[in-house]
Amino acid sequence: MDWFYALIYGIVEGITEFLPISSTGHLILAGNLMGVPWPKDVKDTFEVVIQGGAILAVLAYYWRDFVQQGRDIGRDQPTQQLWLGIIVACIPAVILGLAFGDVIKANLFRPSVVAWALIVGGVIMWVIESRKVQPVVHDIKNIGVGKALMIGVLQTLALLWPGFSRSASSILGGMVLGLDRQTATKFSFYLGVPTLGGAALLDFIKSRDILAQIGLVNVALGAVTSFVVAYLAIGWLLRFVSTNNFKGFAVYRVIVGIIILILIATKVLSNTSLA
C-alpha cells in the first residue's frame, strides 16, 4: 500500500500547497483518515520532501520570468529589490523553524489544532476580503524590502499554528499591506521557492536512509504527483483570483474545521499527534 499512500499524499500536497487552505493541515488529516502505518520519522520527512515537487511546479510555471530575472538581476534595480525582499522574507521562517520546528511537530500536529486554525483563518480571510480598501501595489517588483519582511513575519503563522496555511498567511498579509490580490498571490508563489524548496532539499539530503524504508520509488511517485497537480493548481488559482475573491475559501475552511471537530467529538477521527 505504500505506493497508494504516496500517490494520495502527492495529490493532496499538489492541490493544497498554494491554495489558502493549508497543505500541512490536509496532509495531517489525510494521513489520519487513511491510517498510514509509516513510522513518525518517515511520515514527517516524506511530507516535507514531496513539497519539492510543488516548488518545481512554480519554477516550471514561471520559468520564463525566472530566466529573464536571472539575466536582469545584475543591472536591474527592481529585480534586485524583488529578490532581496524574498530572501529577507524567508529569514523569520528559517529562524523559527530551526528554533521551534521539532517542538511544534511533536505537540501541535493534531486534527483539533488544524481544525481551529482552519476556522480562525477562514474568519480572518472573510474579514480581510470584506474591507473596502484600495490596493496600492500592483507589481511584485514594487513591493519593497520592508513589506516583504512583514509578509515573511506573517508567513510564520503557518509554522506556529499548523493548519493556518503558509499561502493564506502570506497572501492575506500581502493584501493587508496594500498588495492587490493577484500580486499577493504571485509573491506567495515566489516566496515558497526558497522557503519550502530549501526545507525539502535539506530533508531529502539528511534523511535518504529514512525514506528508503518506504522506497525511493514511492518518494519519487509522491513528488512527481505533487508537481503535476500543483502545476495545474497554480494556473487555476491565478485565473480564479483575477475575477474572484477568497470568500469561498473562507467558507470552505470554516466548514471543514467544524466537520473535523464533529468527527473528533464522535470518535470517528483520532485526535492523537501525527507528527
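Keep in mind that the numbers below use all heavy atoms, side chains included, and drop hydrogens, waters and symmetry copies.
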Once rounded to the nearest 0.5 Å, what's the spacing between atom CZ of R239 and atom CG of N244? 12.0 Å
Are any of the side-chain heavy atoms of T185 and P20 separated by less than 4.5 Å? no
Check for a donor-acceptor pair, side chain of T45 on one end and backbone N or O of V42 on the other, with a separation under 3.5 Å. no
Are there more than 12 heavy atoms of other residues, nucleotides or ligands under 6.0 Å from atom CZ of F240? yes
Which atom pair, heavy atoms only, marks the closest approach of I50 to G222? CG2-C, 3.8 Å
Between atom SG of C90 and atom CD of Q155, what is the distance when rounded to the nearest 0.5 Å? 6.5 Å
Ignoring hydrogens and geometry beyond distance, is a side-chain donor-acceptor pair present between Q69 and D65 at under 3.5 Å? no
Taking the six-membered ring of F164 as reference, does the cationic atom of R253 (NZ for Lys, CZ for Arg) lie under 6.0 Å from its centre and within 45° of its axis? yes
What is the distance from atom CG of L159 to atom CZ of F100, rounded to the nearest 0.5 Å? 9.5 Å
Tell me, do W38 and Q213 make a side-chain contact under 4.5 Å, heavy atoms counted? no
Nearest heavy-atom approach of L191 to T195 is O-OG1, 2.9 Å
Under 3.5 Å: donor-acceptor pair, side chain of R131, backbone of I128: yes
dist Q81:CD -> D76:CG (nearest 0.5 Å) comes out at 10.5 Å
Look up atom CG in L238 and atom NZ in K186, then write down how far apart they are to the nearest 0.5 Å. 8.5 Å
Are any of the side-chain heavy atoms of S23 and E47 separated by less than 4.5 Å? no
Nearest heavy-atom neighbours spanning Y231 and A57: N-CB, 3.6 Å
Verdict with reasoning, F66 to Y190, per ring pair (Phe, Tyr, Trp, His ring centres under 6.0 Å): CA-CA 10 Å; F66 291 140; Y190 272 49; 4.9 Å; yes
Between atom CZ of F18 and atom CH2 of W236, what is the distance when rounded to the nearest 0.5 Å? 14.5 Å
Can you give me the closest heavy-atom contact between E129 and F246, atom names plus distance? OE2-N, 2.8 Å
Could you check if a side-chain atom of W161 sits within less than 4.5 angstrom of a side-chain atom of I104, using non-hydrogen atoms only? no
Go through the steps to decide whether F187 and I171 satisfy the test side-chain contact (heavy atoms from CB on, under 4.5 Å), and finish with yes or no. CA-CA 8 Å; F187 186 73; I171 293 172; over 6 Å; no
Say whether V48 and Y5 are linked into one hydrophobic cluster, either directly or through other cluster members, by side-chain heavy-atom distances under 4.5 angstrom. no
Can you confirm whether V36 sits close enough to I8 that some side-chain heavy atom of one is under 4.5 Å from a side-chain heavy atom of the other? no
Nearest non-hydrogen partners of L269 and I260, listed with the distance: CD2-CG2, 3.8 Å
Report yes if the side chains of S188 and R166 come closer than 4.5 Å at any heavy-atom pair, otherwise no. yes
Could you give me the CA-CA distance, side-chain angles and deciding distance for F189 and L237, then say whether side-chain contact (heavy atoms from CB on, under 4.5 Å) is met? CA-CA 11 Å; F189 292 156; L237 184 60; 3.8 Å; yes
Taking L232 as the starting point, is it possible to reach V241 by hopping between hydrophobic residues whose side chains are less than 4.5 Å apart? no
Side-chain donor or acceptor of S226 paired with backbone N/O of A54 under 3.5 Å: yes
Is it the case that the side chain of T183 and the backbone of H138 share a donor-acceptor pair, with hydrogens and angles ignored and the cut-off at 3.5 Å? yes
On a heavy-atom basis, which atom in I15 and which in A233 lie closest, and how many Å separate them? O-CB, 4.2 Å
Test side-chain contact (heavy atoms from CB on, under 4.5 Å) on I119 and L261 and set out the steps. CA-CA 10 Å; I119 293 169; L261 293 177; 3.8 Å; yes
With clusters defined by side-chain heavy atoms of hydrophobic residues (ILVMFWY) lying less than 4.5 Å apart, directly or transitively, does Y62 cluster with V228? yes
Answer yes if V12 and F4 sit in the same cluster of Ile, Leu, Val, Met, Phe, Trp and Tyr residues linked by side chain heavy atoms under 4.5 Å apart, and no otherwise. yes
Whether the side chain of T16 engages the backbone of T24 through a donor-acceptor N/O pair (distance < 3.5 Å, no angle test) should be reported. no
Does one hydrophobic cluster hold both I11 and V256, with members joined at side-chain heavy-atom distances below 4.5 Å? yes
Step-by-step side-chain contact (heavy atoms from CB on, under 4.5 Å) determination, I28 to V113: CA-CA 10 Å; I28 290 173; V113 175; over 6 Å; no
Taking the side chain as everything from C-beta on, heavy atoms only, tell me whether L56 gets closer than 4.5 Å to L59. yes
Is there a side-chain contact between F46 and D2 (heavy atoms, below 4.5 Å)? no
